[in-house]
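In what follows, every chain begins at residue 1, and chains take the letters A, B, ... in the order their sequences are listed.
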Amino acid sequence: MVKILFEKDKCLGCKTCELACAAAHSKSKSILGAIKEKKFSRIRIKVKNGKLKVEQCMLCSDPRCIKACPVGALERRENGTIKVNDITCTGCGLCQEACPFDAIRLCVLPTVCDRCMEGDEPLCAKACPTKALKVKAV
Amino acid sequence: MKENIVCRTFDKATSKLYEYARENGIETVWDRALAMQPQCGFGEMGLCCTNCSMGPCRIVKITDDGPKKGICGATEEVMASRNFARAVAAGSAAHSDHGRDIAEALYHAANNEGDYVIKDEEKLMKIAKEWNVQTEKRVLNEIAREVALIALEEFGKPFGKLRFLERAPEKRRALWDELGITPRAIDREIVQVMHSTHMGCDADYRNIINQAARAALADGWGGSMIGTELSDVLFGTPKPKKVEANLGVLKENYVNIIVHGHEPTLSEAIVIASKDPELLELAKKQGAEGINLAGMCCTGNEITMRHGVPMAGNFFQQELAVVTGVVEAMIVDVQCIMPSLSDLVKCYHTKLITTSPKAKIPGAVHIEFNEEKAVEIAKKIVREAVLNFKNRKNKTFIPEEKAEGIIGYSYESIIKTLDKVTNSFAHPTGTVKPLVDAIKSGVLRGAAAIVGCNNHKVPHDMSHVNLAKELIKRDILVVTTGCGAHACIKAGLMSLDAVKYCGKGLATCCELLEIPPVLHMGSCVDISRILTLLSDVAKFMGVDISDLPVAAAAPEWMSEKAQSIGLYAVSSGVYVILGVAPFVTGSENVVKYLTSDMEKILGGKFEVESDPVKAAEKIASHIENKRKILGI
């Protein structure tokens, strides 16, 4: 599994990770393309109760999102990421509500971090200018 | 910052209207500020450079192996100082362009083109003498035309230096000359900053900041001063008068018109149009009792100072004015107009009317203003408002909060007020002597200016008001302009009652002169009035401005104009406290230059302090220190 560690003291809130994520999941692989294709970022840097927080899939061992899905459209891949069955998913959003990390967003269907499994490494961490996001294989 | 306390404000009307807006699902500046969190740390530190297309470049200080130079090699000092200098240049440009518009309006008035006439002949003659314009055997308009032309030439004259610099104490002028920062022509200094901060030019942060200082001085002693002085000539020099302030000045059964923005050319014409009998008649036909004009932000300051028009509120209240549901038209010109107003007015009957070719907003009604047909256009605009009265929806909410205060303390009014306590047998009138005497005797410890905007990074109005209270408690006279002035009058600090907040010395002075302890000196360009006053006090005492027991604070500043003001104040020798740090914190050297080294060469410096009580303590100790050096 690929863990992504967030060191909030290093984060400057520039949101480069968000842009890189959206671009990586767009067809054109560009920021402008992602905006046009309405591709959401699967990582978000937020301030909650005055503190910096990252919203990203934590690869739970017993994911609440899967349990919450009434049609069984979500499953856990071997690498811990969540796979959405886009044929059976109705886009109801219960998984989004169930996630304790606010890691799921509806982009019609649920979008959630896939650790850039099609590529070599998660692009959010690669793009981070301050190395506040670090990749750790476990 | 807790999420559930989104709108932090000192002002009750503001918090009530904010809650009301929220209940109705209306988004305001506080909601957008919350949604913007976290804000980018690179921008905040001034370490992001987009000056050339090799970038964007960012300097990463937080990790050891992050880039420490831009692609061109620009260091953190270069980036931070260049970004700062460009902000100052933009601020100087905004104030100065305002000044140019006023000079153009004076030129047209002198040619009998349009509706403006010269209201203050005495002031015109004073400026004419100052600029060596021949006044004998000439008609008024001829003199006015020459003064206007000279003023317009100040922006782009090829040789020499700015004329109003002559007002500054000799020591100060010599210092500027020595440092090579005496401003020549206003536009030139702004252009020079833009040039030298271009890719591959100036790489010495001290030189970059010094050039920015030159552009800032061209604002304070140039563009802003021209704006103030010629506005007085054209529209009258403000005199003390009692006015009401805060959103409670809006009236349920009236056509409410808000003028918002900066230049008095538009708002003066709107004042005339709002008193037009035909339009008043039309308003009655529409079922309204009359037309209620109120001013917002600095244009509000301009027309309240000259006509006693009620002050509707400051920068953070512009959206809330619309939220009341009783504003038929919000008429805007330039600067500090939130683009959000356009979306906001879609939820109400309010018409947003833009008037300047420099500031159009999609979704607004654009009725372009020009000085030559001022009143005709103003009537057309007011008619739009009046005819909109019938579209008002039932659901309205006017907060009851309004305060009363005395405003109108131009330089001339202050001198006149001081004349009241001048012994006319022993001393000439028309001088700053009584003020100097009060300071020398220690009854007054000194004076401080509180200026600037609103900023979500500090609670709305709270720093302005609390700092003012803390200062007057310490017998420090406060003068204020801009959104700070709105904050102070709303909090009751411009009423004669406010002596209850004063120390004994200041209270005695205020009672003797019948003035409030916080003096409203006008709009943001009118900070030039403060420069004139400081110069006269310094000259009277035979010292430089930097020797005086005075200070300035911009506790809630946000605009580029405020950065220009801050830098011209510092460059004129004033100690300036900022409540919000400018985007330079990424470079220790730049910070050190602005907050310490500059004092050694210019006598003034910046300091960042967001706590109003601590800021007051710092100002008081600065003032006491200056007193000690002066031996008073």
**Q.** Greater than 12 external heavy atoms within 6.0 Å of B:K618's NZ
**A.** yes
Q) Is it the case that more than 12 heavy atoms not belonging to A:R64 sit under 6.0 Å from its CZ atom? A) no
Q. For A:K131 and B:D65, what are the C-alpha separation, side-chain angles and deciding distance, and is it a side-chain contact (heavy atoms from CB on, under 4.5 Å)?
A. CA-CA 10 Å; A:K131 298 197 170 63; B:D65 54 350; 3.4 Å; yes
Q) What residue among B:I62, B:V60, B:T63 forms side-chain contact (heavy atoms from CB on, under 4.5 Å) with A:P129? A) B:V60
Q. So which heavy atom on B:Q37 is nearest to which on A:K15, and how close?
A. O-NZ, 4.0 Å
Q | Residues which pass ring-ring contact (aromatic ring centres under 6.0 Å, His included) with B:Y18, listed by chain and number, not counting sequence neighbours | A | B:W30
(Q) With a 6.0 Å cut-off (strictly less than), is the heavy-atom count around NZ of B:K68, excluding the residue itself, greater than 12? (A) yes
**Q.** side-chain contact (heavy atoms from CB on, under 4.5 Å) assessment of B:F42 paired with A:T16
**A.** CA-CA 11 Å; B:F42 291 104; A:T16 304; 5.6 Å; no
Q: Give a yes or no on this: more than 12 heavy atoms of other residues, nucleotides or ligands lie within 6.0 Å of atom CE of B:M54.
A: yes
Q.
Quick one, B:C40 and A:L12 - any side-chain contact, counting heavy atoms below 4.5 Å?
A. no
Q | Region of A:L52 that comes under 4.5 Å of a non-hydrogen atom in chain B | A | side chain
